[in-house]
There are 2 protein chains.
Amino acid sequence: MSTSERLIESTRQLLWERGYVGTSPKAIQQLADAGQGSMYHHFSGKADLALAAIRRDVEQQRELAEEVLSAPGTALERISGYLLRERDVLRGCPVGRLAQDPDIIASPVLREPLEETFHWLRNRIAQVLTEGRQRGEFTREPDPAATAAVIVSVVQGGYVLARSADSTEPFDQAVTGALALLAAHC
Amino acid sequence: MSTSERLIESTRQLLWERGYVGTSPKAIQQLADAGQGSMYHHFSGKADLALAAIRRDVEQQRELAEEVLSAPGTALERISGYLLRERDVLRGCPVGRLAQDPDIIASPVLREPLEETFHWLRNRIAQVLTEGRQRGEFTREPDPAATAAVIVSVVQGGYVLARSADSTEPFDQAVTGALALLAAHC
DNA sequence: GTCTATATCGAGATAGAC
DNA sequence: GTCTATCTCGATATAGAC
């Protein structure tokens, strides 16, 4: 793996674990086994490197979501696939995590990938719900946009509860609870 | 207000805005208009001061929640009161925010107030739901514990989406969506 | 209780040699 | 492309005077 590549991957890992504010160039260099000069040759600074790392994060999250959401099956099954997907719950969401970082939110260029990703995800889930409605899968028809926001929020909020409790239990309760509420509409 | 008091309040504000990792003793002192020696006289260090601030945060959040959840009305109305309560959505939750802070989660003593608070909140909401069931307010009876986890997660996740979008819209969608799903059970 | 001095270390970068 | 040197600040305290 190239030095530039190692720097990006190390940054992804550290951003996930420690956030933007808590991640130093020095720590990135050590984890990537790259020198100071090397880092500043490939990237203009911490923010530039973070942007590259974030772009890769959101791309990956999007692929993971698309994989389950485009699977065959009913809307409920596909959303179930999203909610029950294998996750490293106690580590949290590498993308949602950044929403708490003041320097990320204060920077339009660093925040943009987050906004774009969650916007896409909500729309994608709303689309799945709309398809389900059109196929007559719901007896009570849930509002697609609002319900999609619920699904995504439950996952992001589930991470918060799980980390606070140092246990995956609240996350599991939240996703199965959301699934049960939705299933009652079928 | 006493110096000690000003230090705690300044810390609360900075923890909310910048998190634990992003908050320095120096910044706290400046905001509190207190000297270095003053801070280290009243508190043993950053962690000690943060603990005092966090304890005050969780106490306040609990009072705010109890106020709406103990109000008269049906279970749906009381939960609606919790979900629709006035919030500074773009600033996020002062307690949930800390769940993303690696140094908070790594410290049992700093994490404990978060765990305790969310544990209490989930139980309190589950209790409200159970009361509603006993009064026959639900035609389809939702699981209290799982549904309570959904309610709390939706709020915490709603903050994440709102901050990512720099807009309160996703938060509002999520809470109204959750309310609609729950209302369909009545 | 509060102040100033001092100390150590890391953050975040720039400069120029190789 | 990578390395080492250097720079300026801030983080996080401790010490001791007042």
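First the proteins, then the strands, lettered A, B, ... as listed; each starts at 1.
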Within this structure, what is the CG-to-P distance between Asp48(A) and dA13(C), rounded to whole angstrom? 10 Å
From Arg87(B) atom CZ to Leu64(B) atom CG, the distance as rounded to the nearest 0.5 Å: 9.0 Å
Below 4.0 angstrom from OP1 or OP2 of dG1(D), is there any side-chain N or O of Thr3(A)? no
Same apolar cluster: Leu181(A) and Leu83(A), side chain cutoff 4.5 Å: yes
Counting just side-chain N and O atoms, does His41(A) come under 4.0 Å of either OP1 or OP2 of dC3(D)? no
Near-strand residues of residues 104-113 of chain B, defined as heavy-atom separation under 4.0 angstrom from DNA chain D: none
For nucleotides 8-13 of chain D, tabulate all protein N/O to nucleotide N/O atom pairs closer than 3.5 Å, reporting atom names and distance.
{"unit_1": "dA11(D)", "atom_1": "OP1", "unit_2": "Ser24(B)", "atom_2": "OG", "d": "3.0"}
{"unit_1": "dA11(D)", "atom_1": "OP2", "unit_2": "Ser24(B)", "atom_2": "OG", "d": "3.4"}
{"unit_1": "dT12(D)", "atom_1": "OP1", "unit_2": "Lys46(B)", "atom_2": "NZ", "d": "3.4"}
{"unit_1": "dA13(D)", "atom_1": "OP2", "unit_2": "Lys46(B)", "atom_2": "N", "d": "3.3"}
{"unit_1": "dA13(D)", "atom_1": "O5'", "unit_2": "Tyr40(B)", "atom_2": "OH", "d": "2.8"}
{"unit_1": "dA13(D)", "atom_1": "N7", "unit_2": "Gln36(B)", "atom_2": "NE2", "d": "2.6"}
{"unit_1": "dA13(D)", "atom_1": "N6", "unit_2": "Gln36(B)", "atom_2": "NE2", "d": "2.5"}

Taking only Lys NZ, Arg NE, NH1 and NH2, and the carboxylate oxygens of Asp or Glu, determine whether Glu112(A) and Arg55(A) approach each other closer than 4.0 Å. no
Any donor-acceptor pair under 3.5 Å from Thr139(A) side chain to His185(A) backbone: yes
Set out, in order, the CA-CA distance, both residues' side-chain angles and the distance that settles side-chain contact (heavy atoms from CB on, under 4.5 Å) for Leu179(B) and Leu84(B), then state yes or no. CA-CA 9 Å; Leu179(B) 227 33; Leu84(B) 301 177; 3.9 Å; yes
Give the rounded distance in Å between these two atoms: CD1 of Ile28(A) and P of dG10(C). 16 Å
Between OH of Tyr159(A) and OG of Ser153(B), what distance do you get to the nearest 0.5 Å? 11.5 Å
Looking at Glu9(B) and Arg12(B), is there a salt bridge between them, counting it only when a charged N and a carboxylate O are closer than 4.0 Å? yes
Gap between atoms CG and P, on Leu7(A) and dG1(D) respectively (whole Å): 13 Å
With sugar-phosphate meaning primed atoms plus P, OP1 and OP2, does Gly37(B) contact a base, only sugar-phosphate, or nothing at under 4.0 Å between heavy atoms? base
Does the side-chain contact (heavy atoms from CB on, under 4.5 Å) test come out yes or no for Phe118(A) and Val95(A), once each step is laid out? CA-CA 9 Å; Phe118(A) 284 123; Val95(A) 178; 4.0 Å; yes
Might you work through the side-chain contact (heavy atoms from CB on, under 4.5 Å) test for Tyr82(A) and Val155(A), ending with a clear yes or no? CA-CA 9 Å; Tyr82(A) 174 72; Val155(A) 169; 3.9 Å; yes
Using whole Å, what does the distance between atom P of nucleotide dG12(C) and atom CD of Gln30(A) come to? 13 Å
Cluster question for you: counting only ILVMFWY and a side-chain heavy-atom cut-off of under 4.5 Å, with indirect links fine, are Val21(A) and Phe43(A) together? no
Distance, rounded to the nearest Å, where Glu5(A) contributes CD and dT2(D) contributes P: 13 Å
Please state how far atom CG in Leu49(A) lies from atom C1' in dA11(C), giving the value in whole angstrom units. 15 Å
Pair Gln13(B), Leu31(B) - check side-chain contact (heavy atoms from CB on, under 4.5 Å), show working. CA-CA 9 Å; Gln13(B) 189 179 327; Leu31(B) 187 60; 3.9 Å; yes
Take N1-N3 plus N6-O4 or O6-N4 for Watson-Crick, N1-O2 plus O6-N3 for G-U, both under 3.5 Å. Which runs of 3 or more such pairs involve DNA chain D? C:1-18 with D:1-18
